[in-house]
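Starting from 1, each residue takes its place in the sequence as its number. Fair warning: this is a prediction, and the values are worked out from it, not measured in the lab. Numbering of ligands and ligand atoms starts at 1, following listing order.
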Amino acid sequence: MSVIVQEESGLFHLQSSGMSYMIQIVNGYPVHVYWGAPLKHRSVMENLLIHTSSTTGLDRLPQEYPQYGSGDFRNPAYQVELADGTRITELQYDSYRLIQGKPSLSGLPAVYTENESEAQTLELLLKDQYSGLTVVLQYTIFEQRNVIIRAARFINEGEETLRLRRALSASVDMYGQDELEMIYLSGAWAREGNIQRRSLRQGEIRIDSKRGMSSHQFNPFAALVTPETTENHGEAFGFSLVYSGGFEAVAEVDSFGSTRLGIGVNSFDFGWQLNAGEDFQTPETVMVYSNQGIGEMSRTYHRLYRSRLCRGTYRDRERPILVNNWEATYFNFNAEKLVSIAEEGARLGIELFVLDDGWFGRRDADNSSLGDWYEDRRKLPEGLADVAHRIRETGLQFGLWFEPEMISPESELYREHPDWCLHVPGRRRSEARWQLVLDYTRPEVRDYIYNSLSTIFSTVPISYVKWDMNRALTEMGSATLPPDRQAETAHRYVLGLYELLERITVQFPHILFESCASGGGRFDPGMLYYMPQTWTSDNTDAVERLKIQYGTSLVYPVSAIGAHVSAVPNHQVGRSTPLDFRGSVAMSGNFGYELDLTAFTDEEKNIVQRQVANYKEIRSLVQQGDLYRLKSPFAGNQSAWMFVSEDKMQALVYAFQVMAIPNGPQQILRLDGLNPELEYEVKSDINEESSIYGGDQLIQLGLALHYESKDYQSRCFTLRAIDRVLE
Ligand code: DGJ
């Protein structure tokens, strides 16, 4: 049983194999009682009830969905303005409903079940006595995963219009924990995935995006951990928002030492008009509990997102090794050049060729043609379909780049529809990269894009699409929304995007979609629902990538993390690293190349051929295995991680040393995730001979790493458990 209900005492106990979450109705308020390691089901302890009694005032009451205006002065989970202009509502428990499985969320990406018995959903119905406002708190608990998924649905059951000013997905009051810390991912373009860990004290830490996209700056994720929590010990409470627009995650410590974490659509500049009879669904937030450190929190996210958020033909498939022409040619290519890269790729074992930006309209630079989604016959005189066929004849599949949410002022589309972009009439339209954002709140705009793309998808043999998005939203206003709905623009944009993505991905299930927003500007669970992989960063330097990929893996599965080998000196940082090192870093993700293969020497081509063959052997383990982070690149010169198969029979270890250390200390790497009872045959990339060690030895004693006295060294070990029957 996943949800135990004790009606007499108003107690709801949500239980998974390794976690309990308890809510109790106290004086009509849904009170947050507990979230942590599994508890046997009993009544709540008396002293907790005293603690949570409303006689202590709402400001001390740990709540599930707190309101503002009746004595709780912390950040509320929601705020609604009534027709008379007042903003006070008081949600009181009305009833509950249990649903087997997990209902989908209308118009929004969401984790799903394949079988109803995997999960159970509890809905708590709360009502405000005076306004007709009803809020349904939705909780899904998976039997075998330490995950709880929360969202809220607002329903206007009254007769007058309500205005939502704030509607978070979840709020949790953690009490009785001394001094929690908050972990989150910060960054910038080409610098995504920085892990921040900060102590929480009275006051708040807020991360958010006001950019209309989840953003490079902050990922829609936060975790609360104890000061003692490490990669493999201690408690971690993760919050990951399944949403691709502006968001907020705020941790607030009150004057009594309790921590409130609220997460959802950014309430800054948000509004939603809810007419009588209408409802509003918030996105969902995926909350993960781990008492085995941050690593186990990540693996719980990885398994869930890989198998119950990503969808479609490619969800469980090994992903093709690609070569992308962006850094090889930028805008300067012709059909011959593209085919020559594909031919070389075919010789080296690569499986997919991706034609990036520059094939459409009159796009010779990044200052024109977005929106004109037809081939540029100057560059491709025989047409796009012809190039695609020629590339397929080399043995590679063909993939294509689009930036479907954008419009260049210098384009046919803009000349025809100057009002199709987000804008505020009469005001300046702020360009970024010489482009504006299409108003996806408008169905006719989405239909135009749908028709443009589906015409190409139906006439050109396309197996892969890179869906790019290279600027944030500004002048968030829509020409077609009435004045009192203008504040809905940002969220409506995201809903419009999701509607289009649903249509396109369902219509063309054979296409593998990869999302991109100048690299990792929209690396979020919302996009993963439609596209199972994301271009992690425009920064392809292998040293930088160690951190970017490590940080991104805090939440996102390796199968989603696009990682390519690029040319040296690197185009972003000018650094030259050896091809082997670049290969090991990229092979730790969803692998490919982004360079001119025809410019390689024979020796380099041999290395590529080896890397490609090697990745084909290891990719199921890398993409579908469990990731164990062993050494953090944020901590210094060395880093390491490993991939372990679910049955623990196979593993793969990568270790990296960035700068050489003369006459350095002995480097020992302790492994993780292995079965201590098994023996493993261990093979290193620098030694033909293999050795046999016990899983316990590898975990406790570790492997010795021998680096050459050179910068940019990587080591790889493959481990295979020995079949005991044959021993
Ligand atoms: C930004 C992407 O992140 C790059 O990989 C490339 O596709 C460019 N856009 C093309 O304009």
Side-chain angles (χ1 to χ4, degrees), residues 187-193 211 213-217 219 244 322-333 337-338 341 352-373 376 379 398-411 431-438 453 462 464-472 512-524 527 531 533-542 544-545 548-549 552 556 560-567 570-573 582 586 589-596:
W189 173 75
R191 250 185 317 111
E192 299 88 340
R211 294 165 191 264
M213 59 201 284
S214 45
S215 89
H216 296 91
Q217 284 67 20
N219 199 269
S244 310
L322 64 82
V323 58
N324 176 307
N325 74 310
W326 177 240
E327 291 197 13
T329 65
Y330 295 103
F331 296 100
N332 184 17
F333 57 81
K337 181 72 204 172
L338 303 178
I341 296 177
L352 165 70
F353 175 87
V354 180
L355 171 51
D356 209 280
D357 197 352
W359 58 268
F360 53 93
R362 296 179 73 81
R363 182 115 164 138
D364 295 327
D366 54 7
N367 57 5
S368 86
S369 303
L370 294 169
D372 298 345
W373 297 113
D376 181 351
K379 289 185 193 172
F398 179 71
L400 196 58
W401 180 98
F402 290 90
E403 195 176 356
E405 295 157 70
M406 298 292 153
I407 181 165
S408 309
E410 181 49 51
S411 66
E431 291 179 24
R433 209 193 189 206
W434 293 278
Q435 63 199 54
L436 297 166
V437 183
L438 281 172
L453 267 54
I462 287 180
Y464 163 105
V465 162
K466 180 173 172 188
W467 182 295
D468 205 350
M469 196 267 192
N470 286 307
R471 61 157 292 179
L512 168 62
F513 285 86
E514 174 155 349
S515 81
C516 171
S518 307
R522 211 165 49 181
F523 203 139
D524 61 59
M527 294 309 284
M531 312 193 184
Q533 54 192 66
T534 303
W535 179 228
T536 315
S537 176
D538 277 353
N539 191 339
T540 53
D541 171 63
E544 294 288 308
R545 274 295 186 127
I548 294 170
Q549 292 172 202
T552 303
Y556 303 102
I561 297 180
H564 302 168
V565 173
S566 63
N570 175 267
H571 294 195
Q572 291 77 39
V573 298
R582 278 175 277 157
N590 197 331
F591 185 52
Y593 292 84
E594 182 135 350
L595 42 72
D596 186 355

Could you tell me if [Y] and [X] have a donor-acceptor pair between their side chains, going purely by distance under 3.5 Å?
{"X": "D596", "Y": "T329", "answer": "no"}
{"X": "D538", "Y": "S518", "answer": "no"}
{"X": "N470", "Y": "E403", "answer": "yes"}

Report task. Assess whether atom CG of N367 is packed by more than 12 heavy atoms of other residues, nucleotides or ligands within 6.0 Å. Result ->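 Counting neighbours around CG of N367, more than 12 heavy atoms of other residues, nucleotides or ligands fall under 6.0 Å, so yes.
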Query - Within the 4.0 Å heavy-atom sphere of ligand 1, strictly under, residues - result: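 These residues qualify: W326, D356, D357, W401, R433, K466, D468, N470, C516, S518, G519, W535, D538.
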**Report entry** Near-ring test Y464/W401, centroid separation under 6.0 angstrom
**Finding:**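 Not close enough - the centres of the two rings lie 6.0 Å or further apart.
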Query raised in the report: Where do R363 and D357 land on the salt bridge (charged side-chain N to carboxylate O under 4.0 Å, His left out) test, with the steps shown first?
Result: CA-CA 8 Å; R363 182 115 164 138; D357 197 352; 2.8 Å; yes
